[in-house]
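First the structure, in the form of structure tokens, and then the observations on it.
Per chain, numbering begins at 1; letters A, B, ... match sequence-line order.
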Amino acid sequence: MGWTLRLLRHRAAAQSTLLVAVLAVAVVGATLLGTFALLLHASEHRALDAALDRTPTSRTSVDVSLTFDGQDPATALSAADGFLDDLLGDVPAQRDRWLASPMYGLTGHPGTIAPLVYLASNPEVPAHADLVAGRWPTRVTDGAGHVEVSVPQVAATAYGWSVGSVVDISGTAATAPTSVVVVGVHTLTGPASTWYRDTLQGAEHDPAYPVPGSFGFVRTDAWGPLVVAPDVLAQPAALGSAHVVATPRLSDAPDGALEGMRARLVDARPALMEAMGATVTGTRFSSLLDTTVDTATGGLAVTRISLVIVGLMLVVLAVTVLLLAARLLAERRAAEQTLMASRGASAGQVLGLAALEAFGVALVTALVSPWLAGAVYQAVTRADVLRRAGLHDGTGHPASLWVTCAVASVLLAGVLVAPLLRRRGSVVDAEQQLVRQDRRGAIARSGADLAVVVLAGLGVWQLRSYRSPVLTSTDPEQLGRVDVVLVTAPALLLLAGAVLALRLLPVVSGLGERLASRSRSLVAPLAAWEVGRRPGRASGAVLLLTLAVAVGSFSQAFLSTWRASQEDQADLLVGTDVRLEHLDGTPYQQAAAVTALPDVGAASAVTHRSVGLGAGTADDSTTHAVELLAVDTTHAADVLRGRSAPAWATLAAPLVPAAPATGIALPGTVASIDVRLRTDTFPALVGPLQVTLVVQDAHGTRTPLDLPRVDVDGADQVVGVTLPEPAAGLQLVAVVSSAATALPDDVGPSPSASPSGRVVVTVSDLRVHPAPDAGSKAGSKAGSDDRPDPVAVPLTGATWGGRAVADEHVSPAVTTPTATADGLKISTTADVLQLMFGQVAFTAATFDQGPVPVLATDTLLRTLDVEVGDELAVDLDGAMVPVVVEREVPYLPGHPTGEGLLADRDTLTRAAVLASQPAPLLDGWWLQVPDDRAAGVVAAATEQDLGEASSRAQAREVATDGPLRVGVQAALGIVTTAALALAVAGFAMSATVSVRTRRLELARLQALGASRSGLVRAVLVEHAILGVLGLVAGLALGALLASVVGPLVTVSAAGSRPVPAVVVQWPWPTQLALVATLVVLVGAAVAVTTSALLRRASGALLRLGDER
Amino acid sequence: MTSPTTATARTSAPAGDALVRVEHVTRTYGSGATAVHALRDVSFTIAPGELVALVGRSGSGKTTLLNAIGGLDKPDEGRVVVDGREVSALDERGLVELRRDVVSFVFQTFGLVPVLSAAENVGVPLRLRRLPTADREARVALLLDLVGLGDHARQCPGEMSGGQQQRVAIARALANSPRLLVADEPTGQLDTETGTAVMALLRAVVEAEGMTAIVSTHDPLMLSLADRVIRLADGQLVED
């Protein structure tokens, strides 16, 4: 052993430069792989935590909803807490209770049906409530035994309550409180989403609340919440409903807790029912936590697999560089080993010597690389985008880093020994092997090459079959699983491409040799001869450069492709620049507020909901749930986003209405509208009539204004409606009437009656009350004395058309509106039985509309077996609106997959109104906003409480730079840099060894009159030839990988095939910069090493006699 | 273009008919107790057309002297003038020109580039002078014929015998028609018969090309073929 160590020590000292180069390559390789391990570890922990931290609580909270009917609240709430404890396990969570009493009647008020109130206690008070007067309740009752409450200001105003008022209430339970005392007056604040667990969802007043037990037939005013101290609702039978809400702090969960909780969520509903038993009347479990966890872990799995794919390419590159180093080392030591063999050293001893040296390399590598990897990781993650993703802090040196570095070190050290396993013969054989390839070796290499090509082909075939490297499965356990074939396919294709490129090397180098031989000088021919006639040495360098360039160019192309695809997906998923949803207020209020937002270009009201889709015939009443999107198609180019060919504007062109709808202009700023109604029926019928005026604002948005119900009695009745907020620029575009008529009680059906009857609604004397101050939005109140005089508006200023909706099984109803100076007479003829026993709705409108043209997704057409041109019917809140399929599209903005329809919203709502459905059908707004202003618009919308705002730019950022996604970018950046570094190191090493092993040859050429600069040029040209070959092959291979593998490994956040389909990107500027950097660095490295070596070598080696 | 240093060296060369002038050359390797005095105050001249045999025991300083004459090494003291150029004063460019145009070498181990054919090896010095391709090919063919290897032009050194390789090396040395041929033990790795043939060839081509040669050797045959014998012992000239 002693001689071995001595030999190693002496040899290391003699060949220190080479050994240091080899060690450096091993350390660099292991360090890069260690960095990948850290990235993976950080993604698994920090990024997942960061992603979960950023998830809104609405997607993580667990809501146990309970309904009571006299049960003991304490027992039920305790059971609910126990259930949540069991469900969440070790995951820490915040626990809140939303408690509400049953509805109590307000006693002592006129009318047959008492208004209702409810007592409540919830965590949003006082955070999202303003105290207008008094204080919040702090105790159950006051000294007189009245329950302390804070009442909504609207209720206080309506009933004249003030602090100190005692209000009598009544409930069905014997223990129900009989009176409350007002200690405070409040208004609720915050977005509507804050209050969705409230009985009135934060509205504070519902004028038509269904009276409990009336099945919705009897309605009255309801007010609330009357905020009480929590203990009030702990009394027996005090609770009507309760929400026990747990909001888990997922990032604080200990290891394994999330997995356990996710498993328990599967059976949460039955578990809740079992836990609650008879302690409550009803239970409901609602939570998106399972989806949230699945989405996060799914995203993590996709990132993990992407990292593995890229990491395997890095492994191929690192191993190749080290193989090159090992071969150069072996070449350098060939004579020494042959000498040792000739002096009696066995193959085992030679191998043992190399193994011992490799062990030393591995040991140093394993000890150094984890620390270097930590430093590299810290440097890389210092970038803002990675720091924001939570990848920078607190990663440390986890066990996975040490294991990765150790395994990489052993692997790379093993590579060093590999060349020694080849059979080596005599000294002459050894010399010959440097120049020629032996036939047996060539056959073996051909076999290995063929095997790699076949394996790569199989892998790519499998990848194309799956269309993704991620195993998609409904089972969350399966989602993150790595399939060896799928993830190794890209690396195998890389290797296969490189070895195939090497097969072309002899052909190309032979051609180059012939061309160079014609030169008069020595430089070019010498370089060409070296490349062409020492194929082993040349192929190593070319293979290295091919792989490095291929990995680098593929990484950049993949990065661009991946980013573009994620952005495409985000664009399509959001569908527009900025979305506003769940806004409060009437359509014209929303329109005014939305269009006043800064930096908003076009704004489109949007109908965006799931609707029933039927065949459109009376014979087929089956409906199919589809997603309906209706936007202002005149601004399709401005508001619709998501890559499409043809563009959305072109696709939506057939949907655009021929002309905007116009109606009767209502002058000035309208505060309220009065109208005279008269209803005549033939035969004489009685019953309520509901008339709704539909007004259209300057943005084309339509708002229904319900007039008070009137009786069908043939008498004139003046009714009025106050607009929620005065508005200017309104037009009356439709009058929708709905009558539920019947025979008077004292009149029986007449057998001789006509088969058809008639309802005539006359709308006349329409007067508009302007707001007192057109510039002020406050202070307008119908009936106040200081308001300006009303303005009479004739109804003859537009052409009216009519349509009726009646039971199609009886007979069609016909509506004919006639506008005269006396008013608008809307006459509807319908089946008399329908009039006597049913309900008939009819509309007079200033527009007409046939079937609504729509774009339908191919999935929908396939599912329903429908073709372009077919007519269908969409169920819009009970009204069947006919639509006709104008064109087939693969997807819709906001709906990347599934069955959907796109319509023009103006057209759709016209058809809905004509179908006597005056509801606004307004689900949100889509806005055109420049990307750099989107965040500001979202912030402004949130500040102004304009519903829930989201932007395409934010979605893009999450998709590309989100905690669970950014790891891919970091990995590709590291791989590109690594490819550069390894290529430079490998080429410099190749040049070093090439010059060192040929130093005597080069010295003799100097003795023959070759200048050192000429020889340096020859070596440079030689490496330039290798470089060009490697660059061309590498770029070609990179392009092949990008086009074949890129689309297959670019997947959605869930690991599925992206929609829209991936478009391969080839970023020329980046690729050219990569090549330029490589050329400069490699050229400089080769020039410096060659020049230095020749300078050092020439003096000694030129001397005759020093030939060995 | 001749560098100033070279020009100065040429100007300072003494007039006379000697092609090689070695004046008081001393060369010592190392220093102190381990110093090796390879050459001590060696002086001699070689006239144009002379074939000089340099003999001496191993370590006597033969190779050091040849290195100094060929510009491959610089003496510590004294000077070497070849073809009017003071070799020890030449800069890098001057040395390159000297080796390319004036002096050529024949090595004991032949010094052929293993990946090149015989013709390509012979063509290397001609490429260094950027001879037109046709002229180069004609010259290569002539030289290979001269050394009797006209039929082996496309063979690589590995496919040739030692004698053949040395003949290729001689052809290469003659390629640029140098004024001085420096050969260090040219038959050292050859058997007697081959060595004799190589020596005869060397004698013949020196006469044919009208060049001067200095050959270090142990071969008695070479001594008989030489015009003059210079003997070294322990770095000193002991016989001329």
Side-chain angles (χ1 to χ4, degrees), chain A residues 427-436 509 513 516-538 994 997-998 1000-1016 1018 1022 1094-1095 1098-1108, chain B residues 58-59 62-74 92-93 95-117 120-121 123-133 135-136 156-158 169 172-173 175-176 178 182-185 188 216:
Chain A
V427 176
V428 175
D429 289 339
E431 289 289 334
Q432 290 293 320
Q433 280 177 13
L434 296 178
V435 183
R436 300 169 194 290
S509 62
E513 202 182 310
S517 295
R518 296 176 190 166
S519 168
R520 284 186 182 187
S521 78
L522 182 65
V523 172
L526 193 62
W529 288 329
E530 183 63 26
V531 172
R533 300 181 188 182
R534 284 193 170 105
R537 193 176 291 158
S994 172
T997 51
R998 291 157 59 202
L1000 184 59
E1001 184 181 311
L1002 294 172
R1004 282 168 179 164
L1005 288 172
Q1006 278 187 276
L1008 293 177
S1011 65
R1012 193 171 63 218
S1013 62
L1015 292 177
V1016 171
E1022 171 194 328
L1094 282 178
R1095 187 177 292 116
S1098 59
L1101 290 174
L1102 273 175
R1103 290 196 289 271
L1104 300 175
D1106 292 345
E1107 297 180 7
R1108 284 283 175 186
Chain B
S58 181
K62 302 188 296 294
T63 300
T64 304
L65 181 59
L66 291 180
N67 284 337
I69 292 172
L72 302 182
D73 197 4
K74 290 190 176 181
E92 181 69 25
R93 182 187 292 264
L95 286 171
V96 167
E97 287 173 1
L98 178 79
R99 292 179 206 135
R100 189 185 62 203
D101 301 332
V102 179
V103 182
S104 67
F105 298 89
V106 174
F107 303 98
Q108 182 180 356
T109 53
F110 324 132
L112 299 176
V113 180
V115 294
L116 304 189
S117 67
E120 287 163 345
N121 265 295
V124 165
L126 301 172
R127 285 181 181 275
L128 290 172
R129 295 183 77 171
R130 303 183 68 84
L131 213 61
T133 305
D135 295 350
R136 184 184 70 229
C156 284
R172 184 180 64 182
N176 279 345
V182 177
D184 187 22
E185 306 264 6
S216 76

Does any heavy atom of chain A fall under 4.5 Å from the side chain of [X], the backbone, both, or neither of them?
X	answer
Arg130(B)	both
Ser58(B)	neither
Arg129(B)	neither
Glu92(B)	side chain
Leu116(B)	both

task = May I ask you to name which of Lys62(B), Arg100(B), Lys74(B), Glu120(B) has the most heavy-atom pairs under 4.5 Å with chain A?
result = Glu120(B)
Over all heavy atoms of both residues, which pair between [X] and [Y] is shortest? Give the atoms and the distance, please.
X	Y	answer
Leu128(B)	Leu1008(A)	CD1-O, 3.4 Å
Arg1004(A)	Thr109(B)	NH2-OG1, 2.6 Å
Gly1009(A)	Val96(B)	O-CG1, 3.1 Å
Ser517(A)	Arg127(B)	O-NH2, 3.0 Å

Identify each donor-acceptor pair in which a side-chain atom of residues 519-529 of chain A lies under 3.5 Å from a protein atom, sequence neighbours left out, and give them as a table.
{"from": "Ser519(A)", "atom 1": "OG", "to": "Ser521(A)", "atom 2": "N", "distance (Å)": "3.1"}
{"from": "Ser519(A)", "atom 1": "OG", "to": "Ser521(A)", "atom 2": "OG", "distance (Å)": "3.3"}

inquiry  = For a 4.5 angstrom cut-off between non-hydrogen side-chain atoms, does Pro114(B) reach Arg534(A)?
reply    = yes
message = Please enumerate all residues that pass side chain to side chain contact (heavy atoms under 4.5 Å, CB included) together with Ser509(A), with sequence neighbours excluded.
response = Val531(A)
